[in-house]
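Please read these numbers as outputs of a predicted model, since none were measured by experiment. Lettering of chains follows the sequences in order, A, B, ..., and the numbering in each one begins at 1.
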Amino acid sequence: MVGGFRWAAMFPDEVWEHVFSFLPADADRNAAALVCRAWYRIERRSRWRVFVGNCYAVEPAAAVRRFPEVRAAAIKGKPHFADFNLVPSDWGGGAEAWVEAMVEGWPHLEELRLKRMVVSDDCLELIARCFKNFKVLSLVSCEGFSTAGLAAIAANCRNLRELDLHENEVEDNCLHWMSHFPESFASLVTLNIACLEERLVGLLHRVPQLVDLGTGKFAAQHHPELFSKLESAIAGCKNLKSLSGFWEAGPTYLPAIYSVCEGLTSLNLSYATIQGPELIKLISWCKNLQRLWVMDLIEDDGLIAVAASCKLLQELRVFPSDPYGAAQPISLTEHGLVAISAGCPMLHSVLYFCRQMTNAALLTVAKNCPNFTCFRLCIMEPHTPDYITRQPLDAGFSAIVESCKHLRRLSLSGLLTDLVFKSIGASANCLEMLSVAFAGDGDAGLHYILSGCKNLRKLEIRDCPFGDKPLLDNAAKLETMRSLWMSSCSVTLGACRQLARKMPLLNVEVINERKRGLPLELQPDNCPVEKLYIYRTVAGPRSDTPSCVWILR
Amino acid sequence: MEAAGESLRDTELRLGLPGTDAPEKPASTVTRGGKRALPEDDEEGYAKSNKSSSEEEQGEGDLCCQEPPAAKAQVVGWPPIRSYRKNSLHARKVEGEAAGLYVKVSMDGAPYLRKIDLKVYKGYKELREALDDMFKCFSLGEFPRKEGCSGSEYAITYEDKDGDLMLVGDVPWEMFISSCRRLRIMKGSEARGLGSRH
C-alpha cells in the first residue's frame, strides 16, 4: 500500500471487523491478513471459523493462539487413501493434541468437525465437559471411540443441535447411549448415526423438529409392529429434509417414508439393498431431491427414472453393491450416467462406480454438463478400455476437463495414457483434487500435472509408473499444495532425500511397512519407496510417527 | 519389490501338472489390475491397449461364461470404497449365507414344540433321523423311513409358503427348504389323505 499513510486507521477496528465478516472464504480472509499488520491483527481477532485441512500442517497451540475467538473448527487427519486401507493403521491423526489445545484456548467452541482422525473416548469426554455451549459434533470416517464416549456427549451437551456420526468405526459398548439425551430435546436438528444400531422410534417422537435424520441398522424384519410406529414417527418430523439409513427391512418398509418424500432434498440409500423397481417407486415421490446416494442396484432403468423425476438433482453417487464381482452382473452401465447428465440440468457432482465405459458416453456427459464441479468415475476393473472401441479413455476424460471449466475434483479410472494428463495439466485450471490409479505411461504423465493445474491442492496417486524426475523437477509446486500421496509408483529413496533437503517446509514421509533388511536411514538411494506422503507444514516434523514411517530431513 | 513379484507368482493360477513349469498362457483373471509394483509390469499392462488385448478380452469373455472367475486376487484398497461400506456389504453377505432356516416343529400330542435349522441337513434322510431323535420321547411308533406314511403311526408334513399343508418328501430338497415354513408331525390317520401317490 501507499508508504507512510496508515490508512487502516481510517476506521475503528470494529468497522474493519464488520467488513471482514462479509468475506465468504478463508482464502479471502487470509489475503486480507497479508495486507498490513493492522489488518492482520484485526482479522485474526475476528475470525471465528477455522478449517485445518491437514492436522499436521500447523501446531494446535499456534492455531489457537492466532485466532482466539474461534467458535467453529474443522480438522482433517489421515490422507484420503486411508479410507481404502492404504495407510498403516497406526500412522497418526490423533485428535488429542488438538482437543487439548482447543479446550485451553477456545472455551467457547460451539462446533467441531473431525474427519479421518483417531478420536478417543477421553477426547469426547473432554469435549462434553469443557465446551459449555457446544452445539455441533461431526465425526466422519473416524475411529478410536466407543458409544461410552457418545453417552458423555449426549448427557452433557444440552444445547446440541447437530450430531453427525457417519461412517466411523465405533466400538459399541454402551447400549442405549442415546437414552442420555435429555427428555425434551428441542435443539437437535441433525441426527446422523448411520454407524450404529439403535431403535429410533422413541427418539423421533422427542425430536420432531429434526431436519436431518440418519438411521442405523434397521433390523425391522423381525419387528413387524414397528412399521406403523415408524411411519407415524417419521411423519411427525415435518421438517425432515434429509434421510439416510440402512433400509435392510426391504421394500415393505419404504412406504413408511413416503409421507416425507416430497420434502426431502437429500436421500442416502447407499446401504440399502433395495432392488430397482422399489427404488424407482420411492424416488418418484422425491421430486425435490438435490442429493441422491444409491447402490448400483438402481441400474440404468432406475437412473433413467431419476432423470425424469428429479429435475433439481445436483449430486449423484452410485456405489457398488458387489465390488468384488462375484455375483450376477448388474445392469448399470454408461447409459445410466448419460441419462442423468441429459435429464438433470443442475447436476454438478457425480461419483459413479461401474464396470464399463466409452469415450462417446463421456463426451456426451461433458457436453451435457459443463457445470460439473466434481466428477469421480470408478470403473472397477483397472485398465479397462472403452469397451466398444478398445481405446484408452483419454478422449473421454479430456472432454470432461476441457468442457467443465469449474471442475474442482476429478477421479480417473480405466485405461489411460499420458495423453489424458496432458489435457488435465493444460485445461483443469480450477482443479483442486485429483485421484489417479493404474494410469499413465511414464514420468511425463506426472510432469504434466505438476507443471499445470495451477490450483491443485491434493494429489493422490497409486500404481502408476511415475518416478523421481517429475517430482524433483516440480519440487516447488509441492509447497503450493496441501499434500501429495504416491504409492506403488516408481519413486526412489534418493529422490525423497533430495526433495527433503531442498524443501524445508515439506514433511517428506516415507512409509515402508515391509521392514526387510536395513533400517531406512541405511538403505541406498536406489531403494524403491512403497508409499510416500508429502505435505507442507509450518510445524516441522511431527513427533508421533509409528515405526513404519520415516520423515526425511 | 522382487519379493512381492515372487510371492505373486506363487499365488497365480496355472495350467499344467504340479511341479511342471508354468506355461506362459496368461491366467487372465490374475495378471490384470494392480500387481504393477515394478515398471516392467507396466509394459505388460500397456500392451493391453493394442490389438492383442482385444483377443485376450474375448478369450477372457469366453472363460467367464464357462466358469466363475476363479481366485481373483483382490488388490488392496481397490475399488476405492471405505472399509465401513465394505464391512457392511460383507456382513450382509455373511448374514445371508449363515442365516439359519429355522422352522418350528410340532408333533401332535406333544406338550411343546421344537425348532430346527433346515440348513444343517443335507437331505430328507437326515431330517427324518433328526426328527426321530428329537421326538422319540413322545413317539409311540417308528417314523416313516420312506416317503409317505404307509403303515406308520406318524407322517411328517409341512406348511409351505402358500399356507398349504404338504407331505414331506415330494419335491427336491432344495425346493423344500426354500418353501417350508413349519413342520408338523401328524398322526398317520389324519395324514392319510395327503399321500395321494402312495
Which bit of [X] is near chain B, if near means a heavy-atom gap under 4.5 Å: side chain, backbone, both or neither?
X      : result
A:S270 : both
A:F81  : neither
A:R116 : side chain
A:Y387 : neither

Q) Can you find a pair of side-chain heavy atoms, one from B:I81 and one from A:F353, that are under 4.5 Å apart? A)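 In contact.
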Q) Could you walk me through whether B:V75 and A:F438 pass the side-chain contact (heavy atoms from CB on, under 4.5 Å) check? A) CA-CA 11 Å; B:V75 178; A:F438 308 105; 3.9 Å; yes
Q.
For the NZ atom on A:K469, are there more than 12 heavy atoms of other groups (residues, nucleotides or ligands in this structure) within a distance under 6.0 Å?
A.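 It does not: A:K469 NZ has 12 such atoms or fewer within range.
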Q) Hey, is the main chain of A:P320 close enough, under 3.5 Å, to the side chain of B:R85 for a donor-acceptor pair? A)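 Checking the backbone N and O of A:P320 against the side chain of B:R85, no donor-acceptor pair under 3.5 Å is found.
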Q.
For A:A437, is there any backbone N or O sitting under 3.5 Å from a side-chain donor or acceptor partner on B:W78?
A.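 No; judged by distance alone, with no hydrogens or angles, the pair does not exist.
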Q: Starting at CD of A:E167, measure out to CG of B:N87 and round the result to the nearest 0.5 Å.
A: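 Here the rounded value is 11.0 Å.
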Q. Rounded to the nearest 0.5 Å, how far apart are CZ of B:R82 and NE2 of A:H80?
A.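 One finds 6.5 Å between CZ of B:R82 and NE2 of A:H80.
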Q: Walk me through it: do B:S83 and A:N85 pass the test side chain to side chain donor-acceptor pair (under 3.5 Å)?
A: CA-CA 7 Å; B:S83 322; A:N85 293 51; 2.9 Å; yes
Q. Taking all atoms of both residues into account, what is the closest heavy-atom pair of A:R462 and B:G77, and its distance?
A.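 Smallest interatomic distance, heavy atoms only, reads NH1-O, 3.2 Å.
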